[in-house]
Amino acid sequence: MPFDPREVEPKWQARWREARLHRTTFDPKKPKFYALDMFPYPSGAGLHVGHCEGYTATDVLTRWKRMQGWNVLHPMGWDAFGLPAENYAIKTGIHPRVTTEQAISNFRRQIDSVGFAYDWEREVNTTDPRYYKWTQWIFLQLFKKGLAYESVMPINWCPSCKTGLANEEAAGGRCDRCGTQVERKDLRQWMLRITAYADRLLEDLSEVDWPESTLAMQRNWIGRSEGAEVVFRVADGPAAGAELRVFTTRPDTLHGATYLVLSPEHGLVESLTAPEQRTAVTDYQSAARLKSDLERTELAKEKTGAFTGSHAVNPINGERIPIWIADYVLATYGTGAIMAVPAHDQRDHDFAVKFGLPIRQVVRPVDGAPPEPGKAFTEAGTAVNSGELDGLPTAEVKQRVVATLEARGQGRRTVSYRLRDWIFSRQRYWGEPIPIIHCAKCGAVPVPEDQLPVTLPEVERYEPSGTGESPLATIPEWLETHCPQCGGPGRRETNTMPQWAGSCWYYLRYLDPANDKEPWSKEAERQWMNVDLYVGGAEHAVLHLLYARFWHKVLFDLGHVTTKEPFKKLRHQGTVLAYTYVDAAAHYHELSEVELRGEDAFLRATGEKLKVQVEKMAKSKLNGVNPDSVVAEHGADVLRLYELFMGEFELSKPWDPRAIEGCGRFLRRVWRLVEEHGTARAPEGDPHLRLRHKTTQRVTADLERLQFNTAIAALMTYTNELVSKGSTREDLTTLVKLVGPFAPHLGDEAWERLGGTGFLLEQDWPPFDVALTVDAQVTYAVQVNGKLRGSLEVERGTPEAEVRERALALPNVVRQLEGGKTVGKVIVVPDKVVNIVVR
RNA sequence: GCCGCGGUAGCCCAACUGGUAGAGGCGCUGCGCUCAGAACGCAGAGGUUGCGGGUUCGACUCCCGCCCGCGGUACCA
């Protein structure tokens, strides 16, 4: 009987469910393995094959670990707060809870249809009050530790979403969510003081096993730089005598500072501006305010700026230097002001040239090369034009200048970070309410912990109020309350948390998801933390992973968790790309309209030849692949196998609707071997003994390194051998156990067919004998001057002298030595190569 | 620009610390089975390892310089 996935797969899924096979258990005598997938936002579009790649990988690994006798935790849940459901609610009036629930059921159905072994008894949902009660609780711990504070600041404002955005959500001057041009608006915001943890977030990266690229991105994002703060005193104009602080990484170039630049938003600009410069300065400020970040950065090849009319005194040499404003200086980095050293900073150089400001060289290259025209010399060198410091190397000049400044109280060593505090409030409905009550007398008062959760009230309309407040501000009966501290009238905080909040700690809730007394028990935390393998997309390399690490460290400091880092090992699955078919008019066509002939593709309707490309899956390109259709056509096991066989796990690779056939063929061969067992002619003895052990070793080692594609290839090789040479019972039980984690439905069906009892997951992973994984005979490649001239079959471990002798005696080698050539060195690499050097 | 990753057969991809470039899959060609096809089985073709230099007895692998592709990021003082 052929293998019919449509019948077999639902059968085993039902049996697994009935047996509660995927329920997590914990035996203290066994090692533990906590495998975590980045939980999805349950969108209306459903799962796509890209999600399935990561999920299949962790599923295979956890099935394998269970067979090896480990305690396994492999949960799944929903990052279900978020804009799409809310925007849909604004359009249709349907509560986000309703659409979210629908999307979740669909996701769960899809996940089950692929046969993933999640323990649904630990499912979490960030929008469930029983979950966000604890998200709010963690916020209160941050608040009590002084890490959450309110601040009025110019924030990125999306006029379409009518909400504030963090800088990283407004990248390129456009809203992360809807693409609308971002404006600036002053709003009261809740902030989280992530900068207080900057150094630890940086240092502890050395403890984790993460991709080097992700570590680099986190380091760059934190952007620690050591330098000095230098104090300049304003020399003239309306603000004479005031202090101006600048941050520099090159205090050694202070002698070359020929002017100062403040960002247009700097607090002192107003008072510094001389009357005759007033118009120029305010004009420049308003122009800068209208510019998007994009225009201020990428598009601005030409430097712009305005002179304030005031001067400052350079503390190292008493020189009077002009103070300018320019938008290439950012208000949010350092002190929002710089000392400009045009000879040794390219931006300052460009600016000085444009506005005719003096350029003074104070560092000379060690090799004495003359300055390149139009370019700043930005490297370390030797001091010149720096008074008594002349001739000293950059490193020492830095020390001396800072020491001088410190002695005079005009500066100090300091560290600056690129990382900024985290804007933690959104003017939105569909998010966790921030558990704070505002009281005229007591200020911002935390909601007592025994009153959590602060639940989301029902509302009539989901639109933001448009004034910068969330829809929650329009519900007086929810809004008006009393102050928990003094009992007077109080008003609830109307801001909600950003989507990142729920995902900052979900891996902890999985440990103890039903606990209503505490977010997780100490016992569960000690048993399972930290996460042994975290798998998800590289797009979360910075934000989510940095925010979650930050919360984790705060929880560590408060004694709620026992590990410094949450995720010990991290891996990213590669993007799944797909073929697109484009006609001469640049229209995309979906695969069903296309006929494939060899390498070429033709439009069925007209016969037109189409351009075949590989692109990221997108609706507009009609190249999305839905796992439902793959399961319907090929079955879940084939989908799973192909997800991992496509190519190296961490690289992007194209989904090829034809190549998947090969995985189907492979599984059918495995099934046929099992089905014909007993009826087909059995081989004599155990001819595949060595190959069986080699294959087991190979698959085991490849799983350890997440090299699924090569593990599957090894299984194919073994299967091909069994098909052509016949198989023993031992061959088949081993094969089925090795294939089981990849194709669990076929695995269990085959296991049952072979007369096995219980589920494959309850069987032991096959052992291997290293002695049997090496061949007794080895073949030497025999080279003369690096060119292959013959081969030599000998017993493994044959003494070098004998190998050399026999190699030199090979007829083909002897011929190479004719004509009076002499043999020089002879290199023998044990069991591999003999290279004879001849002159 | 900078950081990270990649470039091996028509395509997707293997190749352990430098040791005979090929495991697997797709596609292609031929053969068997078949009335025929599908399915299945058997066999086969296909290469300047992106380019140029270097180190070495020996380089896909190490070093230097380029080219191309993907991802990230950027007046960060």
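Labels below follow one simple rule: chain letters A, B, ... track the order of the sequence lines, proteins then strands, and each chain is numbered from 1. These numbers come from the heavy atoms of this one structure, side chains and all, not from hydrogens, waters or symmetry mates.
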A:Arg219 and A:Glu212 ion-paired at < 4.0 Å: yes
Of the candidate nucleotides B:C26, B:C76, B:C13, which contains the atom at the shortest distance from the side chain of A:Lys653? B:C13
So what does A:Leu651 touch, heavy atoms closer than 4.0 Å: a base, only the sugar-phosphate, or nothing? sugar-phosphate
If the C1' atom of B:G19 is compared with that of B:G41, how far apart are they to the nearest Å? 37 Å
Of the candidates B:G25, B:U73, B:A39, the side chain of A:Met716 sits closest to B:G25
Closest to side chain of A:Ser724, choosing from B:C3, B:C42, B:G24: B:C42
Donor-acceptor contact below 3.5 Å, side chain A:Tyr718 vs main chain A:Arg692: no
B:C60 to B:U48 separation - P atoms, rounded to the nearest Å: 13 Å
Does anything in residues 789-797 of chain A reach RNA chain B, meaning a heavy atom under 4.0 Å, and if so which residues? none
Could you please name the option among B:C57, B:C3, B:U73 that lies closest to any side-chain atom of A:Arg418? B:U73
Would you say that A:Leu215 contacts A:Val208 through its side chain, given a criterion of any heavy-atom pair below 4.5 Å between the two side chains? yes
Looking only at B:A77, B:A14, B:U20, the nucleotide nearest the A:Glu648 side chain is B:A14
Could you tell me if the side chain of A:Thr695 sits less than 4.5 Å from the side chain of A:Arg698, heavy atoms only? no
Among B:C75, B:G19, B:C12, the one nearest any side-chain atom of A:Asp327 is B:C75
Nearest-0.5 Å distance, OG1 of residue A:Thr253 to NE2 of residue A:His344: 7.0 Å
Verify the contact: side-chain N or O of A:Arg658 to OP1 or OP2 of B:G25, cut-off strictly under 4.0 Å; return yes or no. no
Using only side-chain N and O atoms of A:Arg672, determine if any of them is under 4.0 Å from OP1 or OP2 of B:G41. yes
A:Ile836 backbone acceptor or donor facing A:Arg804 side chain under 3.5 Å: no
Rounded distance (Å) that lies between atom P of B:C76 and atom OH of A:Tyr417: 19 Å
I need the CG-C1' distance between A:Leu330 and B:C76, as an integer number of Å. 7 Å
Is there a side-chain polar atom (N or O) of A:Arg669 under 4.0 Å from OP1 or OP2 of B:C40? no
Please check the phosphate of B:C76 (OP1 and OP2 only) for any side-chain N or O of A:Arg420 closer than 4.0 Å. no
Given the rule in the salt bridge (Lys or Arg N to Asp or Glu O under 4.0 Å) test, do A:Arg571 and A:Asp209 qualify, once you have shown the distances and angles that lead to the verdict? CA-CA 9 Å; A:Arg571 292 294 182 268; A:Asp209 173 8; 3.1 Å; yes
I'd like to know whether the aromatic ring centres of A:Tyr259 and A:Phe355 sit less than 6.0 Å apart in this structure. no
On a whole-Å scale, what distance lies between the P atoms belonging to B:G65 and B:A23? 36 Å
Please give, in whole Å, the distance from B:C28 P to A:Asp656 CG? 12 Å
Counting only heavy atoms and a strict 4.0 angstrom limit, can you tell me which residues of residues 706-715 of chain A come near RNA chain B? A:Asn709, A:Thr710, A:Ala713
Would you say A:Arg665 places a side-chain N or O within less than 4.0 Å of OP1 or OP2 belonging to B:G27? yes
Whole-angstrom distance between B:A38 and B:C33, as gauged at atom C1': 12 Å
Trace of the side-chain hydrogen bond (donor to acceptor under 3.5 Å, both in side chains) decision for A:Tyr417 with A:Asp199: CA-CA 9 Å; A:Tyr417 298 91; A:Asp199 268 328; 2.7 Å; yes
Specify the separation, in whole Å, of atom CZ of A:Arg224 and atom P of B:C76. 19 Å
Of the candidates B:G19, B:A77, B:C40, the side chain of A:Arg668 sits closest to B:C40
In whole angstrom, give me the gap between the P atoms of B:A59 and B:U55. 11 Å
CD of A:Gln783 versus P of B:G58: gap in Å, rounded? 10 Å
At under 4.0 Å between heavy atoms, what does A:Val837 touch on the DNA or RNA strands: base, sugar-phosphate, or nothing? sugar-phosphate
Charged N to carboxylate O below 4.0 Å: is that the case for A:Glu643 and A:Lys653? no
Tell me the interatomic distance from A:Leu577, atom CG, to B:G69, atom C1', rounded to whole angstroms. 12 Å
Separation of atom NZ in A:Lys787 from atom C1' in B:U48, rounded to whole Å: 14 Å
Does the side-chain hydrogen bond (donor to acceptor under 3.5 Å, both in side chains) test come out yes or no for A:Thr56 and A:Tyr642, once each step is laid out? CA-CA 10 Å; A:Thr56 307; A:Tyr642 184 61; over 6 Å; no
Which residues satisfy the ring pair (Phe, Tyr, Trp, His ring centres under 6.0 Å) test with A:Phe377, sequence neighbours excluded? none
Can you tell me, in whole Å, how much space there is between the P of B:A15 and that of B:G6? 12 Å
Euclidean distance for P, B:G58 against B:C40 (whole angstrom): 48 Å
Counting any heavy atom closer than 4.0 Å, what does A:Thr575 reach on the DNA or RNA strands: base, sugar-phosphate only, or nothing? nothing
In whole angstroms, how far is the P atom of B:C5 from the CD atom of A:Gln573? 19 Å
I'd like the P distance from B:U29 over to B:G69, given in whole Å. 33 Å
Candidate nucleotides B:G24, B:A77, B:C75, ranked by approach to the side chain of A:Asn720 - the nearest: B:G24
Give A:Asp348 one of three labels, base, sugar-phosphate or nothing, depending on what nucleic acid heavy atoms sit under 4.0 Å from its own. nothing
